[in-house]
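Read the structure below first, then the notes.
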Protein chains: 2
Amino acid sequence: MNALFKALNDPTRRAILERLRGGPATAGAIAEQFQFSAPTISHHLDLLRQADLVTSQKQGQFVVYTLNMTVLDELLGWLYQFKS
Amino acid sequence: MNALFKALNDPTRRAILERLRGGPATAGAIAEQFQFSAPTISHHLDLLRQADLVTSQKQGQFVVYTLNMTVLDELLGWLYQFKS
DNA sequence: TCAATGATTAGACAAATATCTAAATAAAAT
DNA sequence: ATTTTATTTAGATATTTGTCTAATCATTGA
């Protein structure tokens, strides 16, 4: 839960998640979208993976990142306790 | 949105929100629940208020904090874009 | 085999964060 | 009036965080 909130507490990482809503993408393709350096984006992707918000598969020299929606259920569950 | 995620990115603040689920409470009553100093809790309450997750009313020398659930809808809305 | 490409790791640094103690403010009680 | 109680503000400090450049690793292509 800590890693989840931590991962979401950054606009760049949230933008990456929104980008992945449109389908999986390589680290490089994701990085192109932002003004930050590739290592910076790589670090953001690492934090997203630590939170289990994304998964990564190596395909040749590329690394493909995919959104993992299941962990969001945990968050939704936490939020729903406040709705009532 | 930034202030919201920032406010949620701390276990103490999340515990404060859960505490307020049981009803409004004074700053002192909230602080008693934790090992941190009163100023520290006051600061956490300030961040929660900045995110509009709580409201505060002064009652005599006390300050009563109340959970504000409406802002959570914004968060739920953001999350739901990923559910489908 | 060697060079190029995609990505991560390592290390540095400035900015933000969580905490504390001490001081200030404000209301209540003596 | 003075003291006590509730809370916040101010200032300090150690830790965490986001970013960068340089270096490394791994795969592909010449």
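In what follows, chains carry the letters A, B, and so on, assigned in the order in which the sequence lines appear, proteins first and then strands, with residues in each chain numbered from 1. All heavy atoms count here, side chains included; hydrogens, waters and symmetry mates do not.
Protein chain B touches strand DNA chain D; the 5'-most and 3'-most nucleotides with an atom under 4.0 angstrom of its non-hydrogen atoms are D:dT5 to D:dT9. For DNA chain C, the span of nucleotides reached by chain B at under 4.0 Å from its heavy atoms goes, 5' to 3', from C:dT17 to C:dA28.
Nearer the 5' end of DNA chain C, as judged by each residue's closest nucleotide, is the contact made by A:V63, out of A:V63 and A:N9.
The ring-ring contact (aromatic ring centres under 6.0 Å, His included) search around A:Y65 returns none, not counting sequence neighbours. For the side-chain hydrogen bond (donor to acceptor under 3.5 Å, both in side chains) test, residues two or more places apart in sequence or in another chain that qualify with B:T55 are B:Q57. Residues satisfying the side-chain contact (heavy atoms from CB on, under 4.5 Å) criterion with A:T26, sequence neighbours excluded, are A:A29, A:F62, A:V64. Judged as a side-chain hydrogen bond (donor to acceptor under 3.5 Å, both in side chains), and not counting sequence neighbours, the contacts of A:Q33 are A:R19. Residues meeting the salt bridge (Lys or Arg N to Asp or Glu O under 4.0 Å) test with A:D73, sequence neighbours left out: B:K83. Residues satisfying the salt bridge (Lys or Arg N to Asp or Glu O under 4.0 Å) test with A:D46, not counting sequence neighbours, are A:R49.
For the ring-ring contact (aromatic ring centres under 6.0 Å, His included) condition, the pairs that include at least one residue of residues 4-41 of chain B, sequence neighbours left out, are B:F5-B:W78.
Listed in residue order, the members of residues 27-40 of chain B having a heavy atom less than 4.0 Å from DNA chain C are B:F36, B:S37, B:P39, B:T40. Of the residues in residues 50-62 of chain A, those with a non-hydrogen atom less than 4.0 angstrom from any atom of DNA chain C are A:Q61, A:F62.
Residue contacts shown for B:H43 include a base, since a base heavy atom lies under 4.0 Å away. If you check every strand for non-hydrogen atoms under 4.0 Å, B:D10 touches sugar and phosphate atoms only. In this structure, B:L45 reaches neither bases nor backbone, as no heavy-atom distance under 4.0 Å exists between it and the strands shown. Within 4.0 Å (heavy atoms only), B:L47 reaches sugar-phosphate atoms of the nucleic acid but no base atom.
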Before giving the answer on side-chain contact (heavy atoms from CB on, under 4.5 Å), spell out for A:Q50 and A:L47 the whole-Å C-alpha distance, their side-chain angles and the decisive distance to 0.1 Å.
CA-CA 5 Å; A:Q50 280 176 40; A:L47 290 178; 4.1 Å; yes
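With hydrogens and angles disregarded, no donor-acceptor distance shorter than 3.5 Å links the side chain of A:D52 to the backbone of A:V71. Under a 3.5 Å cut-off, the side chain of B:N9 and the backbone N or O of A:K6 do form a donor-acceptor pair. At distances below 3.5 Å, not a single donor-acceptor pair connects side-chain atoms of A:R13 with backbone N or O atoms of A:L8.
Across all their heavy atoms, B:A51 and B:A7 have their closest contact at CB-CB, 3.6 Å. The nearest pair of heavy atoms linking B:N2 to A:P11 is OD1-CD, 3.9 Å. Across all non-hydrogen atoms, the minimal contact from B:F82 to A:M69 is O-SD, 3.3 Å.
Taking 4.5 Å as the limit, every side-chain heavy atom of B:L67 sits out of range of all side-chain heavy atoms of B:L53.
Axis deviation across the helix from C:dT1-D:dA30 to C:dT30-D:dA1 amounts to 10°, comparing end segments of five pairs, rounded to 10 degrees.
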